[in-house]
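The structure appears below as structure tokens.
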Amino acid sequence: MANSGQKVVLITGCSSGIGLRIAVTLAKDEKKRYHVIATMRDLKKKDKLVEAAGDAYGKTLILLPLDVCSDESVKQCINNIKDRHIDILINNAGVGLLGPVESISIEEMKRVFETNFFGVVRMIKEVMPDMKKRRSGHILVMSSVMGLQGVVFNDVYTASKFAMEGFCESMAVQLMKFNIRLSMIEPGPVHTEFETKMMEDVAKMEYPGVDAETVRYFKDVYLPSSIDIFEAMGQTPDDIAKCTKKVIESNSPRFRNLTNSLYTPIVALKYADETGGLSVNTFYNLLFNFGPLMHITMSILKCLTCSCLRRRTVSPN
């Protein structure tokens with residue numbers, strides 16, 4: 001139960017990665033300003049979180065089961081919170097999907113949207129009425145730069161993030177009327193166990209129904225380029241947690257929060273040309289015409305961006 005003056009924070013998807021680090025960062029706040037309710041679909045996966053939370057577990061951090069893909073689970077979770085009172089909702093639960101679109105079934109695509117889009121919608125719908133009554137609250141959504149700029153071979157994942165960005169941009173206007181803030185957290189590449197495993201898995205997969213040229217470009221061009229980008233520009237879950245805490249504690253939190261300033265020029269390409277040609281042609285040339293040059297560029301960037309510089313790029317400042 002939250003102490004007087006503590007803000008109640010509900011976070012989805014806390015079994016690992018970004019969600020785990022956000023939960024631990026807030027629970028270990030030196031001023032003990034937060035009562036963190038960390039949720040995950042399967043509480044059997046709680047060990048990493050409990051270990052990372054240390055003494056905070058059971059004090060400023062508690063666990064509840066929550067499956068964002070289930071209406072019943074969402075409602076039950078919120079009902080188990082005293083007075084259904086949530087000051088800050090952090091929608092972090094998400095899934096990825098990578099590969100040539102011809103090889104991805106419609107059912108797989110629906111599963112991505114069920115978590116990444118409808119999961120967020122379920123959570124907002126459940127907590128929003130109570131926040132409106134109190135005329136206070138802050139909703140944060142873990143989006144991605146892929147919600148702003150499409151990335152080849154990430155078609156479905158990108159689409160789910162685009163959908164979420166559009167939904168939240170529309171909701172933010174209505175919520176302001178009730179003194180409720182809505183903020184998007186938009187990381188670029190982030191080093192997590194999930195990302196590493198996904199890269200390893202897709203490199204080994206066969207892609208029936210996909211032409212040989214596309215498979216070759218995916219495995220021999222896109223995947224190596226992605227690894228270069230992650231190594232040169234990637235942030236850690238702790239970086240994203242620090243950024244999220246900054247947004248929560250801001251007197252005037254921004255709607256959009258890119259966490260990695262190294263990625264800003266890439267996103268800016270899209271908005272520099274209303275026809276869309278600049279970004280599409282640039283990414284095409286980088287991937288298919290200048291692959292070796294891109295590899296060299298990323299290697300140089302990796303050398304230049306030491307850990308000290310990367311820490312300074314955690315936005316918002």
Side-chain angles (χ1 to χ4, degrees), residues 1-40 43 45-66 68 74 77-94 120 123-124 126-128 130-143 175 178-185 187 235-255 257 259 314-317:
M1 184 182 298
N3 296 326
S4 177
Q6 281 186 322
K7 290 187 176 181
V8 178
V9 185
L10 177 74
I11 310 171
T12 67
C14 294
S15 62
S16 63
I18 293 172
L20 184 153
R21 295 315 309 171
I22 293 174
V24 170
T25 298
L26 296 180
K28 290 188 174 182
D29 176 64
E30 290 182 357
K31 298 179 181 178
K32 298 190 184 329
R33 290 171 289 183
Y34 307 105
H35 174 70
V36 177
I37 302 170
T39 71
M40 59 189 71
L43 289 184
K45 297 181 178 180
K46 68 180 181 180
D47 291 351
K48 288 183 182 178
L49 175 60
V50 171
E51 181 181 356
D55 293 341
Y57 179 61
K59 297 175 182 176
T60 54
L61 183 147
I62 65 169
L63 292 175
L64 284 179
L66 171 63
V68 299
V74 168
C77 178
I78 304 304
N79 285 342
N80 282 335
I81 297 169
K82 188 178 186 299
D83 299 326
R84 293 174 51 94
H85 185 111
I86 297 170
D87 296 296
I88 302 167
L89 168 66
I90 302 178
N91 295 281
N92 169 74
V120 173
M123 294 303 301
I124 292 177
E126 193 64 33
V127 305
M128 183 172 61
D130 296 302
M131 286 185 172
K132 281 185 173 181
K133 289 175 184 176
R134 296 194 308 271
R135 290 187 173 268
S136 69
H138 194 175
I139 297 171
L140 294 91
V141 177
M142 193 59 59
S143 182
L175 293 175
F178 296 88
N179 195 37
I180 302 169
R181 297 287 187 171
L182 199 159
S183 299
M184 310 297 288
I185 310 296
Q235 292 180 294
T236 67
D238 272 322
D239 292 331
I240 312 307
K242 290 173 185 175
C243 173
T244 303
K245 193 169 186 284
K246 285 183 183 180
V247 174
I248 289 172
E249 294 172 356
S250 171
N251 291 327
S252 299
R254 302 189 310 209
F255 174 66
N257 300 273
T259 70
V314 177
S315 298
N317 295 315

query = How many angstroms lie between atom CD of Glu51 and atom CG of Leu20, to the nearest 0.5 angstrom?
reply = 10.0 Å

Test item: Asp87 side-chain N/O and Val8 main-chain N/O as donor-acceptor pair under 3.5 Å = yes

message = Thr244 vs Met142, test: side-chain contact (heavy atoms from CB on, under 4.5 Å). Steps then yes/no.
response = CA-CA 9 Å; Thr244 303; Met142 193 59 59; 4.0 Å; yes

ask   = How many angstroms lie between atom CZ of Arg254 and atom CD1 of Ile185, to the nearest 0.5 angstrom?
value = 9.5 Å

ask   = Which atom names give the shortest non-hydrogen contact between Pro65 and Leu43, and what distance separates them?
value = CD-CD1, 3.8 Å

request  = Indicate yes or no: at least one non-hydrogen side-chain atom of Ile78 is less than 4.5 angstrom from one of Met123.
outcome  = yes

Over all atoms of both residues, closest heavy-atom pair of Ile88 and Ile86 = O-CG2, 3.4 Å

task = Calculate, to the nearest 0.5 Å, the distance between atoms CD1 and CD1 belonging to Ile11 and Ile22 respectively.
result = 6.0 Å

task = List in chain and number order the residues that pass side-chain contact (heavy atoms from CB on, under 4.5 Å) with Pro253, two or more places apart in sequence or in another chain; answer none if no residue qualifies.
result = His138, Arg181, Ser183, Val247, Ser250

note = Rounded to the nearest 0.5 Å, the CG atom of Leu10 sits from the CD atom of Glu126 at a distance of 11.0 Å

inquiry  = Tell me every residue that passes side chain to side chain donor-acceptor pair (under 3.5 Å) with Lys48, counting only those two or more places apart in sequence or in another chain.
reply    = Glu193

inquiry  = Counting only heavy atoms not in Lys132 (residues, nucleotides, ligands), do more than 12 fall under 6.0 Å from its NZ?
reply    = yes

query = Can you find a heavy atom in the side chain of Met131 that is under 4.5 Å from one in the side chain of Ile139?
reply = yes

request  = Could you tell me which non-hydrogen atom of Cys77 sits nearest to which non-hydrogen atom of Leu66, and how far apart they are?
outcome  = CB-CD1, 3.9 Å

ask   = With a 4.5 Å limit on heavy-atom distance, are the side chains of His85 and Arg134 in contact?
value = yes

message = Run the side-chain contact (heavy atoms from CB on, under 4.5 Å) test against Ser16 and tell me which residues pass, sequence neighbours left out.
response = none

request  = Among residues two or more places apart or on two chains, list those pairs meeting salt bridge (charged side-chain N to carboxylate O under 4.0 Å, His left out) that have a residue in residues 14-25.
outcome  = Arg21-Asp238

message = Tell me every residue that passes side-chain contact (heavy atoms from CB on, under 4.5 Å) with Lys245, counting only those two or more places apart in sequence or in another chain.
response = Thr25, Leu26, Asp29, Arg33, Tyr34, Glu249

query = What are the two closest non-hydrogen atoms of Val36 and Ala27, and how far apart are they?
reply = CG2-N, 3.7 Å

inquiry  = Once rounded to the nearest 0.5 Å, what's the spacing between atom CD1 of Ile37 and atom CG of Leu89?
reply    = 10.5 Å

key: Check against side-chain contact (heavy atoms from CB on, under 4.5 Å), Thr39 and Val68   = CA-CA 10 Å; Thr39 71; Val68 299; over 6 Å; no

remark   = For Ala23 and Leu49 the tightest heavy-atom approach is CB-CD1, 4.2 Å

Under the side-chain contact (heavy atoms from CB on, under 4.5 Å) test, residues paired with Asn79 that sit two or more places apart = Lys75, Arg84

key: Any donor-acceptor pair under 3.5 Å from Gln235 side chain to Thr259 backbone   = yes

key: Result of checking Lys28, Gln6, His35 against Thr60 for side-chain contact (heavy atoms from CB on, under 4.5 Å)   = Gln6

task = Check step by step if side-chain contact (heavy atoms from CB on, under 4.5 Å) holds for Ile248 and Lys7.
result = CA-CA 11 Å; Ile248 289 172; Lys7 290 187 176 181; 5.7 Å; no

request  = Walk me through it: do Lys32 and Asn3 pass the test side-chain contact (heavy atoms from CB on, under 4.5 Å)?
outcome  = CA-CA 9 Å; Lys32 298 190 184 329; Asn3 296 326; over 6 Å; no

query = Rounded to the nearest 0.5 Å, what separation is found between the CG atom of Asn92 and the OG atom of Ser143?
reply = 11.5 Å

